[in-house]
Amino acid sequence: MQTNSTTMILKEIVTPLLRWYHSHARILPWRENPNPYFVWISEIMLQQTRVEAVKPYFDRFISALPTVESLAEVPENELLKLWEGLGYYNRARNLQKSAQEIVINHDGKLPANYKKLLSLPGIGPYTAGAIASIAYQIPVPAVDGNVLRVITRLLASRDDIMKEKTRKKIESYLAQVIPANEAGNFNQSLMELGATVCLPKGAAKCYSCPLKQICLSFAEDCISEIPVKTPKKTKRIESYTMLRLQYENKIALQKRPSTGLLASLWELPHLDNHMGQAQIIHYLQEKNYKVKNITPLPPSKHIFTHIEWHMIGYYIELEQIPAKSNYHWISPQNLIDDYAIPTAFKGYL
DNA sequence: AATACGGGGTA
DNA sequence: TACCCAGTATT
């Protein structure tokens, strides 16, 4: 073990951070009973997702699926319905794959082992560290965006936090100072500080930071310059015309492909580009749908991480549909109960 | 190493 | 707008 200046600084934060966390930890649903299953579910939900967004999903999810076994067995449509609107839907499917593996290979319990956790689908270095430390008190780091920001600022490091190398370096530093009996509290205290005090984009509340005496960026007055992040590339724009098709009080839906964006979720029928009423009527007539009434719906925009959807839409009442319609015709109540529909389409439902 | 993968909150 | 969020999997 090395004891360079970096490690010495990090050793100094342990006690003040734990003391601060003891009195400032937010009360969160998944902290009430931090059993491995609840910790796991919460950590998956929290990937790239804010605490406030997760809260209602977490409570509903663990009520519906309180055990690893129940998650392993739930039908996919029910699972996706529980995840509807939360985004990154592969998280839900990977959760179930892992649950099935855990039932088969680990006696239905999350393994108390960092590498075994890491091998499960949907669990990467951060989540493996979070579960290991929070649920099992195993002294391994859990480095998320908060921790990257807190530590680079603490050290006044200009390392690019988008690079894996930076994360690994910080993990190796932290591994040397994690207190043996409070691994979970220590990791959570770093994240909590990042989430509530050491805020991004010039919003840091250094005046109330328990580490301001130690923080090199605070001393050098360069908080606003750290962390360094490589800029992300611009989004592409895609245009669609959404069809809100109505026939005998039922709505047309179709299932999205099993791979790619919003895989396997349900969607409204739609055409590429922005089409006029005449083009839509022509398109439907060719497929033997007879239009009774068509009215334009207001444009809407949905922004993904890497794509922007620019949508227009039409509300269309049909008086006849072909014997073999490619669409699924769903009653409104059935749609609410059983069909997971991404937020992007909600503007036209 | 770069890109795909949601959705919402904030300055 | 642009950035950011208790990141991971795939290419």
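Order of the sequence lines sets the chain letters (A, B, ...), proteins ahead of strands, with each chain counted from 1.
- With sequence neighbours excluded, the residues forming a salt bridge (Lys or Arg N to Asp or Glu O under 4.0 Å) with A/Arg256 are A/Glu267, listed by chain and number.
- Take A/Phe345 and apply the ring-ring contact (aromatic ring centres under 6.0 Å, His included) test, not counting sequence neighbours, and it matches A/Trp309.
- Taking A/Tyr289 as the reference, A/Tyr327 meet the ring-ring contact (aromatic ring centres under 6.0 Å, His included) condition, with sequence neighbours excluded.
- Think of the region where chain A sits on DNA chain C: with heavy atoms and a 4.0 Å cut, that region ends 5' and 3' at C/dT1 to C/dA9.
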Exercise. Quick one: what's the B/S/- string for nucleotides 5-11 of chain B, heavy-atom cutoff under 4.0 Å, read 5' to 3'?
Worked result: BBBBBB-
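- Near DNA chain B, meaning a heavy atom under 4.0 Å from it, residues 63-72 of chain A has no residue at all.
- One interatomic measurement links the two molecules: CZ of A/Arg167 to C1' of B/dA1, which rounds to 14 Å at whole-angstrom precision.
- Within residues 130-154 of chain A, no residue is approached by DNA chain B to less than 4.0 Å at the level of any non-hydrogen atom.
- In the hydrophobic clustering, A/Ile237 connects to no other residue, as no ILVMFWY side-chain heavy atoms lie under 4.5 Å from its own.
- Every residue two or more places apart in sequence or in another chain that forms a ring-ring contact (aromatic ring centres under 6.0 Å, His included) with A/His328 is listed here: A/Trp266.
- Sorted by first then second residue, the side chain to side chain donor-acceptor pair (under 3.5 Å) pairs that include residues 51-61 of chain A, not counting sequence neighbours, are A/Glu52-A/Lys55.
- A search for ring-ring contact (aromatic ring centres under 6.0 Å, His included) contacts involving A/Tyr136 returns nothing, not counting sequence neighbours.
- By the salt bridge (Lys or Arg N to Asp or Glu O under 4.0 Å) test, A/Lys287 is found to be paired with no residue, residues two or more places apart in sequence or in another chain being considered.
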